[in-house]
Asker: 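Structure incoming, see below.
Worth knowing before you read on, the calculation uses all heavy atoms, side chains too, and leaves out hydrogens, waters and symmetry mates.
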Amino acid sequence: GDPLDSSIILWTRAEPLPDGNGQLPPANVPVCVSFKIATSDDFRHPVDTGDVFTTYDVDFTVKVEATRLRPDTKYFYQFADCTNAKTVSPTGATRTLSSPNTPAKQVNGGKPLSLAVFSCSDFGAGHFNAYGYAARNVTPDVFVHLGDYVCSLIKRSANIGRLVLGRVLATIHDYRGRFSQYRQDPDLQFAHQMYPWIADDHEIANNAWKAGTSASNDSAAGCTFSPSGACFTDRKMAGTRAYHEWMPIRQVDAGDQLRIWRNFQIGKLLDLTMLDTRQYDRDITDVIFYNKDWIVVSSLIDDADRSIMGHKQEQWLSDTLSHSKSRGAIWRIVGQQVVFTQVFRKGSKYIPVDAWDSYRANRNRILDQLYKERIDNAVILSGDSHANWVSDLAHINDTKTYNQFTGKGAVGVEFAGTGVTSTSGSFVPGTVQSAANVSAGFVGENIDLQWSEGFFRGFFSLDVTPEHLSATYYSMRNVTFRNSDGFVSAKFSVKAGDNHLTRPVADGKVLSGALKNGNH
């Protein structure tokens, strides 16, 4: 994970097995594994090698930074038991990215750079077919994951033979167990084995913010949600620790363990800026489950000082966007967790608190900067909602500056993706057509929104060149059993410099959901 131009994080887990008498080694005895990385899978000329130690204290996970690598190069890697070189891991494949000063036309050897974008996996809700479909049929350069890599809750599992173990996550044992169970899915394993990942959002709990969740905080009442008695701060530190153990992510700042927001300069083609709009310093999101009062939160949505990411991260994002423009990058792609533009139905009493529409001043500050500094080619990627949404970016309900039919006046685009398996309450249960009818209502009532789809699970991919960016949405027909039956539900394009979706949007035709022009 977290590939750069000359290094990458390699990950494995090396759990001790019992001896012939069924005895495990003492817990304080470290396990030694060796690693090697090379440009060919015969490893005759390794580029980097070494030994790494792990213990029970990090759940026997191993993370090592392989260095001395060449930019834009495919590599193979493997781990082995230091005490028995015949005990080896499967061979993995990965790659580096272009160096920051590589001319845009030379990035990825002149071929389009492809990103596969995912969010929201629920082990009990379905098989992770989207990961396998992307790995075998789309073959992107990088997997990008936008939140909810694991689900912290215990939901009612679908009748598919995949029972989620454990309980609502609270302790380090809980979080480690959930990661371990998810990694048993063969398609998720394969995707990690064969591709580099860039991920964000260490899932702690449902609708978390800086001092609590929808069901817990550090008060006496807020600490009673779990039989463990764990309060929110305990959960936050345990979840963060397990995330860093189990995910191939870099520690951005040794003095700030909660920070995962970071930036990848991929030549002059693009900056991929990954945010944390969930855990870092987010203002209150949702308290409905322990005091039944979402009205309190909804009364704060227009507060001028309210932030979904905290002002430290917000300033960093502002500086990063400005620097991306000044350094000559063509595209600015921002990966984050929750839907950015407004997705709202008239007459609804419920404000989507876990979305940017609950942090309107923060959203306006970003849009204002894009407009005032003429920062073009902004693309926001979103997850969390378990549905697909594609929008132009403009100030909400601004019909003077922005034309929803031509796209003129927009300052960028948003591509939001559905869940790998997590379902959307706004669209199901139902049929493809009934879900499309719901989508038609959304696109008809939200000016910026150009396409909505909520029936299928899946993912989307981006292909980026200096001249244009295209997004392809993939739908999985059935996640109740393992299969590779998927189809392209919609395609979108953006021309560099246009700052809006190319018209006609999706060439006027989609296979599911609803377009602004009425096709559904």
Side-chain angles (χ1 to χ4, degrees), residues 115-134 143-158 160 162 164 168-169 175 178-179 181-183 185 187-188 191-192 197-208 213-214 239 243 246-247 260 274-279 285-286 335-340 343 352-356 380-390 414-428 435 452-461 471 473-476 478-480 486 489 512-513:
L115 310 175
V117 185
F118 304 84
S119 65
C120 302
S121 303
D122 183 348
F123 190 86
H127 291 259
F128 296 162
N129 298 333
Y131 296 134
Y133 187 96
F143 274 55
V144 176
H145 208 285
L146 304 177
D148 292 354
Y149 179 91
V150 299
C151 180
S152 64
L153 303 175
I154 291 289
K155 299 180 181 179
R156 185 177 180 180
S157 297
I160 58 172
R162 281 164 66 99
V164 178
V168 175
L169 304 184
Y175 287 101
R178 190 63 52 83
F179 276 104
Q181 184 178 28
Y182 274 51
R183 287 285 178 85
D185 183 275
D187 289 311
L188 180 56
H192 273 292
W197 283 56
I198 296 175
D200 63 10
D201 182 14
H202 33 87
E203 170 77 342
I204 304 300
N206 187 54
N207 292 0
T213 75
S214 61
Y243 185 87
W246 277 84
M247 296 297 289
I260 59 172
M274 303 296 286
L275 304 182
D276 183 352
T277 54
R278 273 275 176 73
Q279 319 296 345
T285 298
D286 187 358
Q336 50 87 53
Q337 294 79 41
V338 295
V339 177
F340 188 83
V343 178
V353 293
D354 190 25
W356 283 84
I380 292 181
L381 312 180
S382 310
D384 179 68
S385 71
H386 310 168
N388 293 313
W389 317 92
V390 173
E414 177 182 19
F415 296 110
T418 189
V420 170
T421 56
S422 298
T423 57
S424 174
S426 298
F427 295 89
V428 293
S452 166
E453 192 282 320
F455 184 82
F456 292 100
R457 306 307 92 205
F459 68 101
F460 66 94
S461 68
Y473 279 74
Y474 295 90
S475 296
M476 303 296 105
N478 193 335
V479 297
T480 62
S489 54
S512 59

Asker: Mind checking what makes ring-ring contact (aromatic ring centres under 6.0 Å, His included) contact with F118, not counting sequence neighbours?
Answerer: Y131, F143, F459

Asker: Rounded to the nearest 0.5 Å, how far apart are CG of N207 and OG1 of T213?
Answerer: 8.0 Å

Asker: Just so I know, are the side chains of L275 and D200 near enough to count as touching, which here means a heavy-atom distance under 4.5 Å?
Answerer: no

Asker: Do V420 and M476 have side-chain heavy atoms sitting under 4.5 Å apart?
Answerer: no

Asker: Can you list everything that forms a salt bridge (charged side-chain N to carboxylate O under 4.0 Å, His left out) with D122? Sequence neighbours excluded, please.
Answerer: none

Asker: Step by step, would you call F456 with Y473 a ring-ring contact (aromatic ring centres under 6.0 Å, His included)?
Answerer: CA-CA 11 Å; F456 292 100; Y473 279 74; over 10 Å; no

Asker: Do T421 and R457 have side-chain atoms, one donor and one acceptor, less than 3.5 Å apart?
Answerer: no

Asker: When rounded to the nearest 0.5 angstrom, what distance separates CG in L115 from CG in L381?
Answerer: 7.5 Å

Asker: Please find the pair of heavy atoms, one from S422 and one from C120, that lie closest to each other, and give the distance.
Answerer: OG-O, 3.3 Å

Asker: If you look at every heavy atom in R162 and D185, which pair is closest and at what distance?
Answerer: NH1-OD2, 3.0 Å

Asker: Let's go through Q181 and F123 carefully: what are the C-alpha distance in whole Å and the side-chain angles of both, what is the deciding distance for side chain to side chain contact (heavy atoms under 4.5 Å, CB included) to 0.1 Å, and is it a yes or a no?
Answerer: CA-CA 8 Å; Q181 184 178 28; F123 190 86; 3.5 Å; yes

Asker: Is there a ring-ring contact (aromatic ring centres under 6.0 Å, His included) between F460 and Y474 once you walk through the steps?
Answerer: CA-CA 6 Å; F460 66 94; Y474 295 90; 9.6 Å; no

Asker: Salt bridge (charged side-chain N to carboxylate O under 4.0 Å, His left out), that's the test. Do R278 and D354 meet it? Break it down for me.
Answerer: CA-CA 9 Å; R278 273 275 176 73; D354 190 25; 3.1 Å; yes

Asker: If I take atom CZ from residue F340 and atom CD1 from residue I380, how far apart are they, to the nearest 0.5 angstrom?
Answerer: 4.0 Å

Asker: Side chains of R178 and Y149, heavy atoms from C-beta outward: is any pair under 4.5 Å?
Answerer: no

Asker: Would you find a donor on one side and an acceptor on the other, under 3.5 Å apart, between the side chain of S452 and the backbone of W389?
Answerer: no

Asker: For a side chain to side chain contact (heavy atoms under 4.5 Å, CB included) check, start with the C-alpha distance between W356 and T277, then their side-chain angles and the critical distance, and finish with the verdict.
Answerer: CA-CA 9 Å; W356 283 84; T277 54; 3.8 Å; yes

Asker: Enter the distance from S121:OG to Y182:OH here, rounded to the nearest 0.5 Å.
Answerer: 6.5 Å

Asker: Regarding S119 and Q337, is there a side-chain donor-to-acceptor distance under 3.5 Å anywhere?
Answerer: no

Asker: What is the distance from atom CE of M274 to atom CD of Q336, rounded to the nearest 0.5 Å?
Answerer: 9.5 Å

Asker: Heavy-atom distance under 4.5 Å between the side chains of W246 and R183, does that happen here?
Answerer: yes

Asker: Would you tell me whether S489 and E453 have side-chain atoms, one donor and one acceptor, within less than 3.5 Å of each other?
Answerer: no

Asker: Looking at H145 and A199, would you say the former's side chain and the latter's main chain have a donor-acceptor pair under 3.5 Å?
Answerer: no

Asker: Look at the aromatic rings of H192 and W197 and report parallel, tilted or perpendicular, splitting at 30° and 60°.
Answerer: parallel

Asker: Find the distance between CG (N478) and CG (N129) and round it off to the nearest 0.5 Å.
Answerer: 8.0 Å

Asker: So, for I204 and S152, which heavy atoms are closest and what is the spacing to 0.1 Å?
Answerer: O-CB, 3.7 Å

